[in-house]
Every structure is written in C-alpha cells, then in structure tokens.
Colleague: 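Dumping the structure here so I can ask a few things about it.
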2 protein chains.
Amino acid sequence: MDAILAAAVQLFVQGGPRAVTVDAVSEASGVAKTTMYRHWTDRNHLLADTYRQCLPVVPEPPRELDPEQGLRFVVRALVNGMGKAPARPALPHLIATPLDAVESRALPPDVMDQTFAPVVGAIRRAAVDRLIPETTDVLEAKHQIVGFVIMSALDPACEMNDVLADRIVDLFLTGRRVPD
Amino acid sequence: MDAILAAAVQLFVQGGPRAVTVDAVSEASGVAKTTMYRHWTDRNHLLADTYRQCLPVVPEPPRELDPEQGLRFVVRALVNGMGKAPARPALPHLIATPLDAVESRALPPDVMDQTFAPVVGAIRRAAVDRLIPETTDVLEAKHQIVGFVIMSALDPACEMNDVLADRIVDLFLTGRRVPD
DNA sequence: TCAGTACGCTACTGTATCGTAGCACATCAA
DNA sequence: TTGATGTGCTACGATACAGTAGCGTACTGA
C-alpha cells in the first residue's frame, strides 16, 4: 500500500491529478490494478489520499514558547514543509484541489486550511498578547503570511529555509508591531 | 469565435481545464465541433487561449505618478483584476498552468509572470527612488505583495477592492520604508 | 450567375480510462 | 491438511474524448 501511494504521489507531482490514473499507478508501483481496488473503492479516493500525502504537516508550537517564538516556529515549519518534496513540486496542483475528489466527498473542500490552522492560531495568540494590535484581522494576517510563503515556494529559484521564514516574520511584525 | 471562447472560459472557471473538452465547448457555445477545428489546430491551443482569456491585465502606471502612487496604482489594478470573474473563480486553475498546453508549446511556462510584470516594475522603481531600501530584493518583495493578493483572492470571503489594495501597500511600506 | 468562404451535420476511427469478472497462486495459522 | 486472506493475471464492457471525412447549406462580392 505504501508502494502504491508513493507511486501515486510521484505521478501527481510530475503531472498533476490527470497523471494519477489507475493504470499508471499500477504500472509504476508494480501492484496489480485489481489489488488497488481492494484498498480503495474508487480512483477518487486514491487521488484524495495522494493529495493528502503531499500536504505538509505544520505542528502546533510547544507551549513554552512566547507568542513571537511561537509564530516563528510555525512559519519555519510551514516554509520548510512547503519547500521540500512532495509539497513543493505538487504545490500548483495542491492549490487547484482536484474537483472530482471533492465532488465525490473523498476530499473536503477546505483540506488545505488544516495545514494553515497552526499559523492562524499563532497569529491569534500574537494578537491576544499584544505583540500585534489586538484588533488585528486574523484572516488578513493569514493571507499576508501564507501568501508570502506560497508565492516563494512557487518560485523555483527561491530558497525555502529558516532564513526566509524569519525574514517573513520580521517583515510581518515590523509592519504591525505595537510599540510597548 | 467569441462565443466559443466565452463558453470555454465558463467551463474552465467551473471545472478547470478538464472540463474544457471540445465536445463540451461545442455544445455550450452552439458551435459545431468541426468549426472549432477551423479556428484552432488543437484542443491545447483552444485551452491556451481560454487560459489567457482568464488572466487579468495589469496596466503600467501613468508616468506622472510618483513611485508610491505608481505602486498603489498597479496593486489596485492587480487586486481588482484578480477579484472579479473570470480570474477569481479560475484562479486555482490559473496557478496550476495546464501542463498539456505548456508541453505542446501552446502556452509558455511563465504566462502568469507577464501579469505580475508591472508590479515588479513598480517595486523596482520604488527601490531606485529610495521609497524602500535600494538594496531591496525585488523578487522577495514581489512574492510578498503578489502572494498577499493571491491568497486574498483565493478566500471567497475576502472583498477585493481598493481598500484592500491600499492596505496591502501600507503594510508593505510600513515594514520596509526608509526614514528620510 | 458564380466562385469563394464560412459554417453545420452525421458518422466514423482510434485511444485512454474506469471498473469488474473469473481464475490461479502463495502464505500462514489452526 | 485445510481454510482464510491477500495478491496476481488476463480479459472484458462501457464510456469519454480527440480529431477527421464527406457532404450539404448560406451568405457575399464581383
């Protein structure tokens, strides 16, 4: 099963959802087509799992970090997760969530939001603790940070590392920080 | 021909490139399939034109504007262009450039960069004129602004208007502006 | 009137793809 | 040994789609 998913992920990364056909995955993984249908009811469910496999996981920051450290922690995790395979090469396809998989309820429409949830949490905490104005529009701030990360990841020339993550947080905070 | 493209755009917006089949466009537009092949050599070329039709056009700012006004001008244009149909509903599909169309050379791989070119130009001018540091990494700044715009447009709840555009520029400049 | 141009229609070929049926084989535990 | 489970293989049927052939029709300008 891992071999199947690995092959599916590779096909997805290279050619998008269109390339993830049952026959192609079967051949690439060396697993018989019939066997695949014993693990997934549908091509759409396989595609949904493939999609999820490509999403990076952003952990919640440890409790002992202060709001700024917490924000840096999640943005670093997001940048690094989005910056490496399979997320990075698959990113365009991840943004265009496969409609088939959504319509067949194999994927919820907002799958990707789960990836960003820890970032939103860190922003909210920064607002509550007055690192940024308490009245901050959290969604707007999310668009600001996540958009920066995604655009960077979409540019193949861009290095995705802690330096970039900290830079993004610095620019974010400098633009919004409230003086003590 | 306009009717064909209009139908193709609608299908693209609703269902992505996969929905833009020759038969579907033919039926939706009321134009015979054979007629379509008299205007486009290929399904890929039709898809490429459909794609371009969805891209917003961001004009260069008038020469008489100062760097800050110029930046506001292009960001407003980008926000408004991305915020309305067909660009906004098609945006996920625009980011995941149809690989078929690219491989068949009907679309260049960097189509979308042309849309952002005026933004890059305005940023560069802002740096040259010391509105932001002369050493500013222009590509980084592009990712910052364009990413913010795109993430906002991807969120259906977000209002895309001049207020948002100015807010984006404000946050950008506050984080980077050099004191006189 | 006549040639050129553009369009429509039906029917067709060829291919890719999903999904299933039916049968054989191997491994492992009771 | 035997039954359960998991896998493989070949061969299908059904559908969707790209692209073409061949023929007829309507308009337009000389």
Side-chain angles (χ1 to χ4, degrees), chain A residues 1-54 90 92-93 96-107, chain B residues 1-54 90 92-93 96-108 111:
Chain A
M1 257 198 54
D2 289 346
I4 301 174
L5 265 187
V9 164
Q10 201 188 337
L11 288 165
F12 185 81
V13 161
Q14 288 172 355
R18 226 189 128 155
V20 184
T21 70
V22 184
D23 288 300
V25 175
S26 166
E27 180 166 355
S29 64
V31 174
K33 204 165 71 159
T34 41
T35 304
M36 297 176 49
Y37 279 101
R38 288 169 186 132
H39 288 284
W40 288 273
T41 67
D42 227 45
R43 182 232 175 199
N44 282 333
H45 285 77
L46 168 61
L47 189 55
D49 282 352
T50 306
Y51 183 97
R52 269 186 277 258
Q53 199 80 5
C54 291
H93 310 301
T97 321
L99 292 177
D100 299 342
V102 170
E103 277 173 22
S104 66
R105 314 224 179 166
L107 272 182
Chain B
M1 256 198 56
D2 289 346
I4 301 175
L5 265 186
V9 164
Q10 200 187 338
L11 288 166
F12 185 81
V13 160
Q14 288 171 356
R18 227 190 127 157
V20 184
T21 69
V22 183
D23 289 301
V25 175
S26 167
E27 180 166 354
S29 64
V31 174
K33 202 163 75 159
T34 39
T35 303
M36 298 177 49
Y37 279 100
R38 288 172 187 132
H39 289 284
W40 288 273
T41 66
D42 226 47
R43 182 231 175 199
N44 282 333
H45 284 77
L46 168 61
L47 188 55
D49 282 352
T50 306
Y51 183 98
R52 270 186 276 258
Q53 199 80 5
C54 291
H93 309 302
T97 320
L99 292 177
D100 299 343
V102 171
E103 277 172 22
S104 66
R105 314 225 180 166
L107 272 183
V111 223

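Naming: A, B, ... by sequence-line order, numbering from 1 per chain. Values below: every heavy atom of this structure, side chains too, minus hydrogens, waters and symmetry copies. Computed from a predicted structure; not experimentally measured.
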Colleague: In whole angstrom, what separates A/Arg18's CZ from C/dT15's C1'?
Modeller: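 Between C1' of C/dT15 and CZ of A/Arg18: 13 Å.
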Colleague: Taking the side chain as everything from C-beta on, heavy atoms only, tell me whether A/Arg105 gets closer than 4.5 Å to A/Asn44.
Modeller: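 Not in contact.
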Colleague: Tell me the interatomic distance from B/Trp40, atom CH2, to D/dC17, atom P, rounded to whole angstroms.
Modeller: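 Going from B/Trp40 (CH2) to D/dC17 (P), I get 19 Å.
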Colleague: State the CZ-CG distance between A/Arg43 and A/Asp23, to the nearest 0.5 angstrom.
Modeller: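 So the CZ of A/Arg43 and the CG of A/Asp23 are separated by 11.0 Å.
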Colleague: Rounded to whole Å, please give me the gap between OH in B/Tyr37 and P in C/dC9.
Modeller: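 One finds 16 Å between P of C/dC9 and OH of B/Tyr37, rounded.
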Colleague: Nearest whole Å is fine: how far is C/dA11 P from B/Asp23 CG?
Modeller: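 About 15 Å, once rounded to whole Å.
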Colleague: In whole Å, I'd like the distance from the CG atom of A/Asp42 to the P atom of C/dT17.
Modeller: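 Going from A/Asp42 (CG) to C/dT17 (P), I get 17 Å.
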Colleague: Can you tell if the side chain of B/Leu47 reaches within under 4.5 Å of the side chain of B/Phe12, non-hydrogen atoms only?
Modeller: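 SC-SC contact between B/Leu47 and B/Phe12 confirmed.
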Colleague: Nearest 0.5 Å, please: how far is CG in A/Leu5 from CD in A/Gln10?
Modeller: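 Result: 13.0 Å between the selected atoms.
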Colleague: Check the distance between C/dA16's P and B/Asp100's CG and give it to me in whole angstrom.
Modeller: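 For the pair B/Asp100 CG and C/dA16 P, the rounded distance is 14 Å.
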Colleague: Hey, what do you get for NE2 (A/His93) to SG (A/Cys54), rounding to the nearest 0.5 Å?
Modeller: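 Here the interatomic distance stands at 9.5 Å.
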Colleague: Is B/Lys33 side chain donor-acceptor paired with the C/dG8 base, going by distance under 3.5 Å alone?
Modeller: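 Looking at the base of C/dG8, it does not pair with any donor or acceptor on the side chain of B/Lys33 (distance under 3.5 Å).
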Colleague: Between A/Arg43 (CZ) and C/dG19 (C1'), how many Å, whole number?
Modeller: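 Computing the A/Arg43:CZ to C/dG19:C1' distance gives 13 Å.
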Colleague: In the structure I gave you, are the side-chain heavy atoms of A/His39 and A/Leu46 within less than 4.5 Å of one another anywhere?
Modeller: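 Result no, sub-4.5 Å side-chain heavy-atom pair not found.
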Colleague: Between the protein and nucleotides 7-10 of chain D, are there any N/O to N/O pairs under 3.5 Å, and if so, what are the atom names and distances?
Modeller:
| unit_1 | atom_1 | unit_2 | atom_2 | d |
| --- | --- | --- | --- | --- |
| D/dT7 | OP2 | A/His39 | NE2 | 3.2 |
| D/dG8 | OP2 | A/Ala32 | N | 3.3 |
| D/dG8 | OP2 | A/Thr35 | OG1 | 2.6 |
| D/dG8 | N7 | A/Arg38 | NH1 | 3.4 |
| D/dG8 | O6 | A/Arg38 | NH2 | 3.2 |
| D/dC9 | N4 | A/Thr34 | OG1 | 2.9 |

